Amino acid sequence: MATGTADAAPDSAGRDFIRDIIQADLDAGRVQTVVTRFPPEPNGFLHIGHAKSICLNFGVATEFGGRCHLRFDDTNPTKEEQAFIDAITKDVRWLGFDWGEHLYHASDYFEQLYEWAEHLIGKGVAYVDDQSPDEMRESRGTLTEPGRNSAFRDRTVAENLDLFRRMRAGEFPNGARVLRAKIDMSSGNMNLRDPALYRILHATHPRTGDAWCIYPTYDFAHGQSDAIEGITHSVCTLEFEDHRPLYDWCLEHLPVPSRPRQYEFARLNIGYTVLSKRVLTTLVRDGHVNGWDDPRMPTIAGLRRRGVPASAIRDFARRIGVARAYSVVDYAMLEHVIREHLNRSAPRRMAVLRPLKVVIENYQEGVTETLPAINHPDDADQGVREITFGRALYIERDDFMENPPKKFFRLGPGREVRLRYGYFITCVGVVKDAAGEVVELRCTYDPATKGGNAPDGRKVQATIHWVEASTARPAEIRLYNQLFTRPDPAAEGEIFDHLNPDSLEILAGCLVEPALAVANTPETVQFERTGYFCPDPDSSSDRLVFNRTVGLRDTWAKVKAGA
RNA sequence: UGGGGGAUAGUUUAGCGGUAAAACUCCCGGCUCUGACCCGGGCAUCCUUGGUUCGAAUCCAGGUCCCCCAGCCA
């Protein structure tokens, strides 16, 4: 034992107020084993904001030697679907977390919750209200005015019990009655103005089918579900802060088997994107994107399809920290973490997004040769592959300028550059079409620079990527940009008016080195000097499709923009 | 004079009475067979006004600003 902190949580996980609270609870003996839970409602796909919560809940459980449950908060059958349950399960697992045996559903507890509702009625702290939704809203008061008691508030226990049982039996239509907690209609906290505990919903539930026609509200289900599972630290986002008194009220009035505590942290916001399930659902429903897993979506599924590694998402969650202050994280932070992870592991390849033909005039016609190319500059274990060189090649259009400005290092008339892992070439001619556009470059190569080094020690200002014409494979490459044009799309006006019309750019006629055709390597690779890309599921053996995960940092673009 | 919460660099966090730390962004420079990576350097009236103290981002009091709540959503 080196120090007194030897048994503390790994500092690699960072420290935050949640972990401090847990540590204090452990130290004080208030809890023996930490039990947390991630409680998604299956009414949509998970997004990166959920990932923050997942990493927090599962991370904390692991660090303190406890466990984390995956519990579906399926209390509203009108919005929830089995397909979402399946997608969420897949996403949490993909993120790298394991709930073991502890997969639960709030619906597993419907019978118990119902019993507890009767218990509250028996204690005289819950009643059946016959008011319509409109009447309830009207009598609830406002933020500054107290509400009024319902005319049905003082029904007898027997009457309430009878009515509640008949609600369960299906005697009443949706909205006809509701079970309410009897707390305080004049409370400054709106959640305490006799909140609804059960409502009538004649709807088929993904798991319980038509067994029920009354369903508990979030407020009545969540805390009790936590108690049933022995959750010690029920971590949620700030907007539930006002619900904590109600969370506690329920637990204090019920014979629950354990006493969980709720803690709130600030939800994740990221610039230029939206993390609201309502908005994301609309984007999908109205076809602004191609489904929940569209690579432009901030969903886990979207990020995965885009080629973002789970490790990067976990790292991102760790770096942004956990606090109680409202915040908006820079999109650049996410991109940086993604690049960092991919830079470490992604194999390097060459691909030309916007091809410009190059003919090496002094290279023999009808002949090609192979040259070795390193797969990863910092990881020799990734080995070497063979690439083909020949008389006809393609380079990136952006790597040539007919009248280059002083800061432009790449190819131009009379200039020499290095073809990565190839030869030095010099541009000796430019071929244009009738419109005056450059369609081909005539170049010469220096045979002595084979592999990329000049025996005479001369230097070139740039090394550019390329592919050999006869062996290159055509590909479609999809470039993604931010979905919205504003840092805070929801700030003003209609959010959908701020959709970025250029969020998806499809490049046809790209040329990639043949090693990439062996693809359906689902892994993300780096196209040298361009960015990180991964094959899209739309790919087939005769049609290669790649998604750009994120571009490389581009200092030249800045220089160019500033010039 | 409804209730609840929050304010530390452009951004996100650390700091828990001892003289502001890290990451991202940005700027300057170096290195380089990726204008990438990497390596140097630069960038803070700790919302504000008072108070307590030898000493305050930390404690106290008063302001200011921001966020959440009026679903039978979660």
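For clarity, every value in this text was computed on a predicted model and none was experimentally measured. Convention: sequence-line order gives letters A, B, ...; per-chain numbering from 1.
- Classified by interplanar angle (parallel below 30°, tilted 30° to 60°, perpendicular above 60°), the ring pair A/Phe45/A/Trp292 is parallel.
- Side-chain proximity of A/Arg553 to B/rG35, B/rU25, B/rC16: nearest is B/rU25.
- One donor-acceptor pair, N or O on each side, does fall under 3.5 Å between the base of B/rG35 and the side chain of A/Arg410.
- Put simply, A/Thr463 has no side-chain N or O that comes within less than 4.0 Å of OP1 or OP2 on B/rU32.
- At B/rA74, one or more side-chain N or O atoms of A/Arg199 fall inside 4.0 Å of OP1 or OP2 (strictly under the cut-off).
- Comparing B/rG50 with B/rA56, their C1' atoms are spaced 13 Å from each other, to the whole Å.
- Counting only heavy atoms from C-beta on, A/Arg319 has its side chain closest to B/rA23 among B/rA23, B/rA74, B/rG3.
- Between B/rG5, B/rC37, B/rC69, one nucleotide has an atom nearer to the side chain of A/Asp242 than all others, and that is B/rC69.
- The CG atom of A/Asp378 sits 8 Å away from the C1' atom of B/rC38 (whole-angstrom rounding).
- With rounding to whole Å, A/Phe84 atom CZ is found 14 Å from B/rA74 atom C1'.
- Per the geometry, CG belonging to A/Asp16 stands 15 Å off C1' belonging to B/rC16, to the nearest Å.
- Among A/Arg153, A/Arg140, A/Arg148, the one residue that satisfies the salt bridge (charged side-chain N to carboxylate O under 4.0 Å, His left out) test with A/Asp194 is A/Arg153.
- A/Leu552 comes within contact range of at least one nucleobase, with a heavy-atom separation under 4.0 Å.
- Pairing partner, B/rG2: B/rC69, with both Watson-Crick or wobble hydrogen-bond distances short of 3.5 Å.
- Put simply, A/Arg15 has no side-chain N or O that comes within less than 4.0 Å of OP1 or OP2 on B/rG15.
- Of the listed nucleotides (B/rA70, B/rU34, B/rG4), B/rG4 has the atom at the smallest distance from the side chain of A/Glu241.
- If you check every strand for non-hydrogen atoms under 4.0 Å, A/Tyr421 touches a base.
- Remark: C1' of B/rG71 and CZ of A/Arg180 are 12 Å apart, rounded to the nearest angstrom.
- Ring orientation note: the planes of A/His205 and A/Tyr215 are close to parallel, at an angle under 30° on the 30°/60° scale.
- Look at A/Arg339 and you won't find any side-chain N or O under 4.0 angstrom from OP1 or OP2 of B/rC37.
- Pairing for B/rC54 goes to B/rG18, judged as Watson-Crick or G-U wobble with the two contacts each under 3.5 Å.
- In this structure, A/Arg244 places its CZ atom 17 Å from P of B/rG3, rounding to the nearest Å.
- Checking B/rC27, B/rA74, B/rC67 against every side-chain atom of A/Asn76, the shortest atom distance belongs to B/rA74.
- Looking at the side chain of A/Met333, the nearest of the listed nucleotides B/rG2, B/rC24, B/rU34 is B/rC24.
- Taking the nucleotide of RNA chain B with the nearest heavy atom to each of A/Thr142 and A/His243, the more 5' of the two is matched to A/Thr142.
- Pair assignment for B/rC38: B/rG30, on the basis of Watson-Crick or G-U wobble contacts that are both within less than 3.5 Å.
- Partner of A/Phe240 under the ring-ring contact (aromatic ring centres under 6.0 Å, His included) criterion, out of A/Tyr247, A/Phe265, A/Tyr218: A/Tyr218 alone.
- Distance, A/Arg71 CZ to B/rA74 C1': 12 Å, rounded to whole Å.
- Residue contacts shown for A/Phe408 include a base, since a base heavy atom lies under 4.0 Å away.
- Nucleotide B/rU45 forms no Watson-Crick or G-U wobble pair with any nucleotide shown, as no partner meets the under 3.5 Å limit on both distances.
- When the C1' atom is used for both B/rC39 and B/rG63, the distance is 48 Å, rounded to whole Å.
- For the pair A/Trp556 and B/rG35, the ring geometry qualifies as stacking, because the centroid separation is below 5.5 Å while the planes lie within an angle under 30°.
- If you check every strand for non-hydrogen atoms under 4.0 Å, A/Pro377 touches a base.
- Here the separation of B/rG41 from B/rU49, taken at their P atoms, is 34 Å to the nearest Å.
- Residue A/Tyr127 contributes atom OH, which lies 11 Å from atom P of B/rC72 at whole-angstrom precision.
- Here A/Arg349 does not reach the OP1 or OP2 of B/rU34: none of its side-chain N or O atoms lies under 4.0 Å away.
- Using N1 to N3 plus N6-O4 or O6-N4 for Watson-Crick, or N1-O2 and O6-N3 for G-U wobble, each under 3.5 Å, B/rU64 pairs with B/rA7.
- Ranked by how close their nearest RNA chain B nucleotide is to the 5' end, A/Ser186 and A/Val328 are led by A/Ser186.
- Residue A/Phe527 is tested with A/Tyr532, A/Trp466, A/Phe546 for a ring-ring contact (aromatic ring centres under 6.0 Å, His included); the sole match is A/Phe546.
- When distances are taken from the side chain of A/Met190 to each of B/rG2, B/rA36, B/rU12, the shortest belongs to B/rG2.
- In summary, A/Glu396 and A/Arg410 do not engage in a salt bridge, as defined by a charged side-chain N under 4.0 Å from a carboxylate O.
- Taking side-chain N and O atoms only, A/Arg344 has no distance below 4.0 Å to OP1 or OP2 of B/rC38.
- Comparing the P positions of B/rU13 and B/rG4 gives a spacing of 24 Å, expressed to the nearest Å.
- Ring orientation note: the planes of A/His105 and A/Phe72 are close to parallel, at an angle under 30° on the 30°/60° scale.
- Rounded to the nearest Å, the gap between the P atom of B/rG42 and that of B/rA22 is 10 Å.
- Remark: the separation of the C1' atoms in B/rG55 and B/rA20 is 15 Å, to the nearest Å.
- In summary, of the residues considered (A/Thr299, A/Ile54, A/Leu46), a side chain to side chain contact (heavy atoms under 4.5 Å, CB included) with A/Asp91 occurs for A/Leu46 alone.
- Separating the C1' atom of B/rU8 from that of B/rC46 is a span of 4 Å, rounded to the nearest Å.
- At a cut-off of 3.5 Å, with distance as the only test, no side-chain donor of A/Gln526 or A/Glu528 sits close to an acceptor on the other residue.
- Of the listed nucleotides (B/rA74, B/rG35, B/rC69), B/rG35 has the atom at the smallest distance from the side chain of A/Phe409.
- Using a 4.0 Å cut-off, no side-chain N or O of A/Lys459 falls inside it from OP1 or OP2 of B/rU32.
- Across all strands shown, A/Gly321 has no heavy atoms under 4.0 Å from either base or sugar-phosphate atoms.
- Side-chain atoms of A/Arg348 come within donor-acceptor range of the base of B/rU34, with a qualifying N/O pair under 3.5 Å.
- Candidate nucleotides B/rC26, B/rG35, B/rA70 were compared by shortest atom distance to the side chain of A/Arg140, and B/rA70 ranks first.
- You'll find that the side chain of A/Glu239 is closest to B/rC68, out of B/rC37, B/rC27, B/rC68.
- A/Thr75 has a side-chain polar atom (N or O) that falls below the 4.0 Å cut-off from OP1 or OP2 of B/rA74.
- The P atoms of B/rG35 and B/rC67 are separated by 44 Å, rounded to the nearest whole Å.
- Look at A/His336 and you'll find a side-chain N or O under 4.0 angstrom from OP1 or OP2 of B/rC24.
- Residue A/Arg324 places none of its side-chain N or O atoms closer than 4.0 Å to OP1 or OP2 of B/rG5.
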